[in-house]
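Okay, structure first, notes after.
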Amino acid sequence: MSDSQKLNRPEWLGYEQLAEAIPSGVLTFDEKGKVTYANSPALTLLGRSCDELLGLGLEALTTTSWDDLVRHLREAGQGERATLDLCFRSPKVSAEGGAEFWARVSMSPVFHGDDDMGVLAILTDISGERRVEGQLREAEYRLREASTHMPGIIYEICAAPDGHLAIDYLSEGVATYTGKRPEEVMQMDDWFTLLHPDDLGPAKAKIAEAIATQEPITLELRLMDGEKAHHMYAATSVAQGLDGTVILSGVAIDIGSRKRAENELRESQAQLHAMFDNFPFECWTQDLGGHFLLQNPLSEERWGRRISQTLEGIEMSEEALEDWRADTATAASGVVAQRDLRLVIGGARKHLRRMIVPIRAGDEILGVLGVSIDTTEQRNLEDQISQSQKLDAIGRLAGGIAHDFNNVLTAIMSCVRLLERRLGGPPRRELQIIREGAQRASELTRQLLAFAKQERAEPRRAAIDDIVLKSDRLLRRLIGEDIELVTLAEASGWDIVVDPVRLEQAIINLVINARDAMPKGGKIVVRCEGVVLTGNKQSAHGPIPPGEYALIRVEDTGVGMTEDTKTRAFEPFFTTRQDSGGTGLGLSSVYGSVHQAKGYVTLDSTLGEGT
């Protein structure tokens, strides 16, 4: 006989074999709550033998009283089944302090007569399920605790089939960025109002995209806490709910610090680019492979846009390109390379000073930075200053020689006059030749003194137009018929303080020089006008300061001058007319007369075009 058969079974239990076949535990209780039957699975679950279980009351097996169980069953309705999850005690481990397990009990009433009610109970072990539920509750609790202290916001949004969006969960972090508790936000009719107005449309579009495509999304947005905006980065996953809903779960982190850093970097880069673009000289950067990374406008204007390109294709001599490559390689090795250059660019001769330096990040060299400064004006100024100093030195020397020579000439002329008195009679041819030679020498001496600014001048106020027009009558007799002379007096009302005789002689010297530069004829224009200079202009004497000036310009269509001739044009005794008896004192005397009158001389000449 089995253990289950040792129990005194009520007569109404006629299905013992069926009960034994059920994998769940089966118990019967009489009207007093005493056990009257248990199948084998029930004995296993309860950890008791038939002898131990027979006659035990419900209270000895569970934490629930018989009265509570009966009341629960009656509340379910007559003849209705009721289900309870009950905690049972296991005697097998009671000696070790007791142990419990959970079972889901499905109960049906069994009536004896009109009032006495017994119970048929079927037990299913749910201990594992309860453990899982406990673990899930513990995990959920820990997750919520973690989300409470986690920076940023954890959220879950439920999108209903009708398009309504409801927030199912928000972590405590939402209060940091909106000033509202999670429950306040979840109860809001339109929680989208917490977004910055400019981010509202893009955020709704992104959420609609996620719902439609079932694909994760990321977006940047700003949450508003009053007037204060918090930049957030949100990453959202998408899951399909069982009831046709779409669950959007994600986290939003504060990227305000990153945004501020990006803005500061952007502003810094903008300032750097603005400074780079406005450098008054060429500037560029290259990587270690020689490719251009940056160019300022002056560099692009000079060499063309070279971004991502190398030096190949730049219009300059191969020798100059090789020097550039060598300097770039030197800088890439960590050594500053600098070089003074003289190039012909766009048909003009330019002086450049180029410097290429390494760009370092700690001990690493990332590339090179190059600058090229146009020193043409500076070099021309230096040359002019040098020329002016040389002319001044020559002037002092010439002045000293002229004075000594003038003393000798004075003695010669005195001797000629004494001889003429002693000899009497008509002038002697020999003495006449001596006198004429002495007079020509005296004229040369006067020109030397004029260049040296040591000849006595007699300045007075005079109208510049009158001086030019007076010169015109003499000039027309000095030039040939194959030369056209145009005189333009356009400085009416401009009076200057000058020695008129010396200024007139200077104009004559300039016109004669122009005439000699046109052996086949041409055109000479003498123009005077009043001008106002607003910036510094260079002259043979150095820079001309801004101000009002009376300008006399003599232009010709002659052969022009070479660079060497222009450099030496104002030197005394320098002449290009070796076979025509030129003294080389014409322009030098102009230089001296104008300088003595506190004026300036400029020279502009192009070979083959005129001066």
Side-chain angles (χ1 to χ4, degrees), residues 139-241 245-278 293-294 361:
E140 182 179 359
Y141 171 77
R142 291 179 179 176
L143 178 61
R144 290 183 182 274
E145 281 293 302
S147 68
T148 299
H149 299 93
M150 178 184 291
I153 304 170
I154 298 175
Y155 56 88
E156 185 174 284
I157 301 172
C158 178
D162 62 0
H164 177 70
L165 299 175
I167 300 177
D168 286 348
Y169 175 72
L170 273 178
S171 65
E172 293 291 335
V174 71
T176 304
Y177 306 105
T178 66
K180 298 180 182 298
R181 299 281 301 166
E183 53 270 21
E184 293 181 74
V185 177
M186 294 169 69
Q187 293 170 4
M188 292 178 65
D189 293 332
D190 185 8
W191 48 269
F192 277 108
T193 57
L194 296 175
L195 302 184
H196 190 283
D198 293 344
D199 299 337
L200 187 59
K204 286 185 175 181
K206 273 286 190 180
I207 291 175
E209 173 190 334
I211 294 172
T213 64
Q214 302 282 295
E215 294 292 333
I217 58 170
T218 60
L219 70 156
E220 291 186 12
L221 49 80
R222 286 163 289 181
L223 287 177
M224 302 303 297
D225 182 2
E227 295 297 320
K228 186 177 181 181
H230 297 275
H231 286 269
M232 310 295 290
Y233 177 84
T236 305
S237 62
V238 184
Q240 185 70 47
T245 59
V246 176
I247 308 301
L248 306 172
S249 303
V251 60
I253 59 174
D254 187 350
I255 58 171
S257 298
R258 193 193 80 186
K259 281 291 184 182
R260 286 189 293 273
E262 288 176 352
N263 291 336
E264 290 173 1
L265 178 60
R266 193 178 298 111
E267 291 175 4
S268 176
Q269 288 177 333
Q271 292 174 357
L272 178 61
H273 278 285
M275 179 175 65
F276 190 82
D277 288 345
N278 288 282
L293 302 177
L294 292 174

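Every value quoted in this text rests on a predicted model; they were computed, and no experiment measured them. Along the sequence shown, residues carry numbers from 1.
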A quick test of your reading: do over 12 heavy atoms of other residues, nucleotides or ligands sit less than 6.0 Å from NZ of K259?
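Above 12, so yes.
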
Hey, is CG on D189 packed in by over 12 heavy atoms from elsewhere, all under 6.0 Å?
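Counting other residues, nucleotides and ligands, CG of D189 stays at 12 neighbours or fewer.
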
Looking at [atom1] of [X] and [atom2] of [Y], how far apart are the two atoms once the value is rounded to the nearest 0.5 Å?
X: K206; Y: E220; atom1: NZ; atom2: CD; answer: 10.5 Å
X: E264; Y: Q269; atom1: CD; atom2: CD; answer: 12.0 Å
X: E184; Y: M186; atom1: CD; atom2: CE; answer: 12.0 Å
X: L221; Y: H231; atom1: CG; atom2: NE2; answer: 10.0 Å
X: L223; Y: T176; atom1: CG; atom2: OG1; answer: 11.0 Å
X: Y169; Y: I154; atom1: OH; atom2: CD1; answer: 6.0 Å

Check whether S237 reaches the backbone of S249 with its side chain - one donor and one acceptor, N or O, closer than 3.5 Å.
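Yes, because the side chain of S237 sits within donor-acceptor range (under 3.5 Å) of the backbone of S249.
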
Please check if the side chain of Q240 supplies one atom and the backbone of T245 the other of a donor-acceptor pair under 3.5 Å.
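Between the backbone of T245 and the side chain of Q240 there is a qualifying donor-acceptor contact (under 3.5 Å).
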
Take W191 and L170 through the side-chain contact (heavy atoms from CB on, under 4.5 Å) test and state the conclusion after the steps.
CA-CA 12 Å; W191 48 269; L170 273 178; over 6 Å; no

Closest contact, heavy atoms only, [X] versus [Y]:
X: H230; Y: Y177; result: CD2-O, 3.3 Å
X: S171; Y: G152; result: OG-O, 3.9 Å
X: V185; Y: T178; result: CG2-OG1, 4.3 Å
X: I217; Y: A210; result: CG2-CB, 3.6 Å
X: Y155; Y: V251; result: CE2-N, 3.5 Å
X: D198; Y: R222; result: CB-NH2, 3.5 Å

Would you say that [X] contacts [Y] through its side chain, given a criterion of any heavy-atom pair below 4.5 Å between the two side chains?
X: M275; Y: Q271; result: no
X: V238; Y: L248; result: yes
X: I157; Y: I247; result: no
X: M232; Y: D254; result: yes
X: K180; Y: L194; result: yes

Go through I167 and V174 one step at a time and tell me if the side-chain contact (heavy atoms from CB on, under 4.5 Å) criterion holds.
CA-CA 12 Å; I167 300 177; V174 71; over 6 Å; no

For residues N263 and R260, is any side-chain donor paired with an opposing acceptor at under 3.5 Å?
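Not at all, the side chains of N263 and R260 share no donor-acceptor pair under 3.5 Å.
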
